Amino acid sequence: MTTPTEPILELRDISKSYGSVKALTDVSFKAYAGEVIGLVGDNGAGKSSLIKVISGVHNADAGELIVDGVARHWKSPHDSMMAGIETLYQDSGLAPDLTIGSNIFLGRELEKKGLLGKLGFLDQKSMEARALQELEKVGITVPLSKRTVLQLSGGQRQAVAVGRAAMWAQHVIILDEPTNHLGARQSLEVLKVIRAAKEQGLCVLFISHTLPHVLEVTDRIIVLRLGRVVKDAPTSEFTVESLLGTITGLNT
Amino acid sequence: MSTVETPVDSSLEAPPSALKRLVGLAANQQFILFLVLVALMCFFDFHNTRFFGTGEFTNLLVDFSEAVLIAVAEMYVIVSGGIDLSVGSTIAVSGVVSAYAIQYLETHHFGEFPSLLVGTFACAGVGAAVGTINALLITKARLVPFVATLVTLSMGEGLALVFSKGATVGYDPAAGGWSSTGFWIFRWLTIMVLVLTLVLGIVLHFTRYGRYTFAIGSNPFAARAAGINVNRHVASVYVLSGVLAGLAGMVWYFNTSGGAPQNGIGNELYAIAAVVIGGVSLFGGTGRFTGIIIGVAILTVVQDGLVFINVSTNWNEVVVAGIIALAAIVQSLRPGMKRLT
């Protein structure tokens with residue numbers, strides 16, 4: 001993929017405090033379409049605060065957030081969704097009792113045509129069919145979208161969740177610990193979906209404590225420590241040891 | 001989230017064979033419930049052949065219509081992940097308030113139909129008020145639904161006694177006469193209740209409103225992340241439940257020709273029982289409308305049937321307890337009911 005000249009997401013001197021605690025200090029970086037960026041740091045380094053600012057859960061105290069060339073101020077997470085940023089939080093995931101298709105379209109249900117649609121009747125058939133197509137595009141094959149999420153394995157569940165984000169995102173997907181709690185083989189399924197999203201020209205922000213996964217799937221790594229960006233370099237410049245050293249501050 | 005590897009069962013991809021379909025049917029809880037219902041009716045008819053007579057069927061349907069609205073209300077609430085203990089006492093308080101309204105209008109020569117219509121709106125209004133209090137306690141004061149609706153349960157019971165001074169308000173022969181006419185085995189009132197019930201079932205399973213109710217009960221975090229206004233939706237479910245309980249109060253008013261403070265008291269437990277028998281998870285997020293309809297039917301048939309085979313009504317609760325236990329045990333034995341934790 002040719003490197004686009006304009007960043008799809010740009011942060012300029014973002015700062016955020018909670019009371020007297022400074023969570024983020026002058027965080028700046030640029031992210032491009034078709035790029036997978038690893039966001040790493042120790043607990044309390046500011047990863048969660050940063051993604052909350054990008055996804056609209058919190059507002060930054062200072063600094064600029066630019067999406068696709070437009071400066072943005074989110075009023076709610078919904079605003080960021082509408083601007084093409086999908087976020088997969090650690091604790092949200094899917095509704096286990098609903099079918100895969102219903103989960104994919106949760107909050108964006110297709111309605112029947114005509115009067116029934118106006119009354120809120122859902123077009124379940126189209127949703128199930130389109131869910132299968134769209135999931136296939138990002139490399140997920142599920143046997144039947146009529147299954148409930150409860151009937152899937154942990155890896156498949158997470159793959160569906162990431163697939164949903166990839167399907168709806170226009171510009172950026174933020175993945176917060178998507179391979180947490182997953183076994184080795186299940187993690188591979190999720191990493192496969194991340195690569196497929198990259199192929200589709202999306203920018204992926206990958207937050208993880210599992211450094212081998214970060215090194216495997218990302219193009220560039222941004223290291224946060226005590227609320228500041230301490231390193232922003234191509235993944236090829238890191239090894240697990242050097243990355244760990246940068247995170248903990250042993251080497252800079 | 002579970003980390004257990006469960007390989008995809010490829011057999012589910014293939015078109016089901018005849019045998020598989022038969023096994024699938026046997027595992028279908030709705031189908032089992034339906035068989036239980038039919039078996040119960042045959043049992044009671046075997047012991048007293050009048051049970052299947054049209055007169056008794058009409059009574060059965062009247063009793064069914066008294067119970068079904070609060071059961072459906074309870075289903076919406078439980079599917080959304082909550083519980084509503086106040087539906088029974090709302091029947092009492094809304095019936096009493098409505099009885100006063102009807103009494104007032106009829107003594108001022110408003111005519112039967114307009115008075116009853118206003119009474120119906122009064123019932124729905126009282127129910128909406130109870131539902132709104134529940135909604136505020138749960139979404140604003142952040143009380144757990146059990147405690148919030150326990151508050152309104154006691155409040156409703158108390159206010160019904162205070163308003164009525166402990167006695168039935170307004171004996172209304174007009175209401176009794178109006179609800180005793182009908183068509184074939186259906187009374188007009190029964191038909192109206194059944195139509196409303198059917199609409200509620202369709203809304204639950206085929207519309208956006210129903211879908212959000214299931215989603216919130218299944219995983220409120222996922223629902224919120226998907227852009228659903230969880231608090232607003234939960235509040236609306238409790239108001240809906242209140243309105244339905246209020247309308248049930250009007251059904252009781254018609255059937256007992258007055259607003260009695262003991263009407264419907266304790267019936268929240270029957271509503272919850274019907275929901276449990278119908279296979280709805282008390283954790284929220286699952287359940288079929290047909291299941292609870294059969295659940296209500298089973299409870300109604302058992303209670304009416306016991307009278308028919310000359311078993312003392314004192315045994316009612318004991319038999320109902322047995323049915324609930326049985327249904328809950330059958331449910332827990334079903335495979336694939338493990339939940340995400």
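No experiment lies behind these values; they were computed from the predicted model shown. Protein chains get the first letters and strands the later ones, always in sequence-line order, with residue 1 at the start of each.
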Notebook entry, point to check: Which residues from residues 194-216 of chain B are near chain A, with near meaning under 4.5 Å between non-hydrogen atoms?
Noted result: B/Ile202, B/Phe206, B/Thr207, B/Arg208, B/Arg211, B/Tyr212, B/Phe214, B/Ala215
Check: chain A contacts: which residues in residues 227-243 of chain B have a non-hydrogen atom closer than 4.5 Å to it?
Finding: B/Gly227, B/Ile228
Notebook entry, point to check: Within the distance-only criterion (no hydrogens, no angle test), does the side chain of B/Thr286 pair as donor or acceptor with the backbone N or O of A/Asp97 below 3.5 angstrom?
Noted result: no
Next item on the list: Could you look at A/Glu111 and say if it's the side chain, the backbone, both or neither that has a heavy atom under 4.5 Å from chain B?
Entry: side chain
Notebook entry, point to check: Side chain, backbone, both or neither: which part of A/Glu109 has an atom under 4.5 Å from a heavy atom of chain B?
Noted result: both
Can you give each donor-acceptor pair under 3.5 Å made by side-chain atoms of residues 135-146 of chain B, sequence neighbours left out, with the distance rounded to 0.1 Å?
from	atom 1	to	atom 2	distance (Å)
B/Thr139	OG1	B/Ala135	O	2.7
B/Arg142	NH1	B/Thr139	O	2.9

Margin query: Can you give me the closest heavy-atom contact between B/Ala223 and A/Leu106, atom names plus distance?
Written below: CA-CD2, 4.3 Å
Next item on the list: Could you tell me the separation between the CG atom of A/Asn103 and the OG atom of B/Ser218, rounded to the nearest 0.5 Å?
Entry: 7.5 Å
Next item on the list: May I ask you to list the residues in residues 69-79 of chain A that approach chain B closer than 4.5 angstrom, counting heavy atoms only, ordered by number?
Entry: A/His78
